[in-house]
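What follows is a short report on a single structure.
All chains are named by letter (A, B, ...) in the order of the sequence lines, taking the proteins before the strands, and each is independently numbered beginning at 1. The structure presented is a predicted model; accordingly, all values stated were derived computationally and were not measured.
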There are 2 protein chains.
Amino acid sequence: MVAVNQIPEAVIRRLPLYARVLRVLEARQETVSSRELGDWLGRRPAQVRKDLSYFGRFGKQGRGYNVERLLAELREILGLSRTWNMALVGVGRLGRAIVDYRGFAPEGFEVVACFDASPERVGKKAGKLVVQPMAEMGQTFKEKDIHIGLVAVPANQAQHVIDQLVAAGARGILNYAPMAPKVPSGILVRYVDPVRYLQSMTFHLKNEKGFGHRASLD
Amino acid sequence: MVAVNQIPEAVIRRLPLYARVLRVLEARQETVSSRELGDWLGRRPAQVRKDLSYFGRFGKQGRGYNVERLLAELREILGLSRTWNMALVGVGRLGRAIVDYRGFAPEGFEVVACFDASPERVGKKAGKLVVQPMAEMGQTFKEKDIHIGLVAVPANQAQHVIDQLVAAGARGILNYAPMAPKVPSGILVRYVDPVRYLQSMTFHLKNEKGFGHRASLD
DNA sequence: ATATGTGAATGGGTTCACAGCT
DNA sequence: AGCTGTGAACCCATTCACATAT
């Protein structure tokens, strides 16, 4: 157990994975050991224990962790015991797929507004939402208590859009554009970029061997 | 410069990012310094230089790196100077969005076959492709020289699908399902999981401070 | 003056190994 | 016996600092 600000970032990024496995286990068993949890993710038991120990002492020697309890703790730690409102910018093909994506809601994330710079798109529907002009962003962020922005515009527009999101009050940004924007420090950015994963994969595939390394979840 | 099998995985995962920035720079300048390249990605110049130095000596003291040359080298190193054929499993909403995704082709990745376990979907069209039954997977992988599988099925079916992909000959898997499958060692798996990124973001957003850390591309 | 390439130093993250609880 | 929690040891990755080249 340790001060919040000195928890390794690597640990924080694993917590959602633990939560995910626990969701599956919830239905079938009451307790889980660090070994079992680690097996699901290709991790060593010691790592699981140490990761969790940054936040508290959730286990019982000789028994393991109570699945339900641990899941609840993790959701609390990650800030998932509330709903997070998000705004999407860019309602092209990809944007539409994002609005329709069924994976957000069960985890407490909701797209509650969407914006596009193109006048032809403004006013049309995207899922249940009406596409708004960029100018309304600041206003809408306040009204709807939005803290996260999703960016699904072409790479060459992404920087400008992200600047606008930050100005509107976004503190976190999920960037689907294949580029690396500059943001003020304090703004969190994460990247969804399937091609990038493929490209680091082909390095290994190309060298017929070089295969020995663990297929872990990084 | 060093043997292929002892290049840090972390370095390999950054190479696609360098390539991406170089693509942008290509149009506007002939050379780039490690400082400038690093600035684009929120990295220190020394890291850029060391990363590249694992593969060769591409720079010139006093000048920097030739953009075009470096990009070509990286594409070669990553195995991107060829086309990679991929197969999609799961032609639901998400699967359809993946087939339609415009980001793969320009980088040399192509979805050349798609499969679904549901008989109602088999035989129907998905983009330009006809949805095939799972049983044809092995055959098609050989015929079409497929090495990468994309998984877009519900979490509870993903393990089974991935087993089938591996049996069919897939050596790399891009998993859109929110779960962590077990695979034989030697098979590469990468995860596209927007929710996971959101969940590690909310940890920081929740603790109003804890913001100091760099918004880098990990 | 400017910028690379790299050995050495530092820092962060993972794993070991064991005391201690059930 | 089985399993956690954790300091210490280890290993991998990043950064520094400087010799070297243009």
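When the P atom of D/dA9 is taken as reference, atom CZ of A/R44 falls 20 Å away, rounded to whole Å. To the nearest angstrom, C1' of D/dT22 lies 15 Å from CG of B/N66. As rounded to whole Å, 12 Å separates atom C1' of C/dA19 from atom CZ of A/R57. Rounded to an integer number of Å, the gap from CD of B/Q47 to P of C/dG12 is 14 Å.
As judged by a 4.0 angstrom heavy-atom cut-off over every strand, A/R49 is placed among the base-contacting residues. Within 4.0 Å (heavy atoms only), A/R63 reaches sugar-phosphate atoms of the nucleic acid but no base atom.
Under 4.0 angstrom from either OP1 or OP2 of C/dT4 there lies at least one side-chain N or O belonging to B/S34. At C/dG13, none of the side-chain N or O atoms of A/R14 fall inside 4.0 Å of OP1 or OP2 (strictly under the cut-off). Of the side-chain N and O atoms in B/R35, none sit less than 4.0 angstrom from OP1 or OP2 of C/dT4. Listed pair A/Y65 / D/dG5 meets the phosphate criterion, a side-chain N or O lying under 4.0 Å from OP1 or OP2.
Judged by distance alone, with hydrogens and angles left aside, B/Q61 brings a side-chain donor or acceptor within reach of the base of D/dT20, the pair sitting under 3.5 Å.
Using modelled atom types and a 3.5 Å distance limit, the side chains of A/Q47 and A/D51 yield no donor-acceptor pair.
When each of A/V166, A/L188, A/V161 is tested with A/I173 by the rule side-chain contact (heavy atoms from CB on, under 4.5 Å), just one qualifies, namely A/V166.
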Would you mind writing out the side-chain donor-acceptor pairs for residues 150-157 of chain B within the sub-3.5 Å range, not counting sequence neighbours?
none

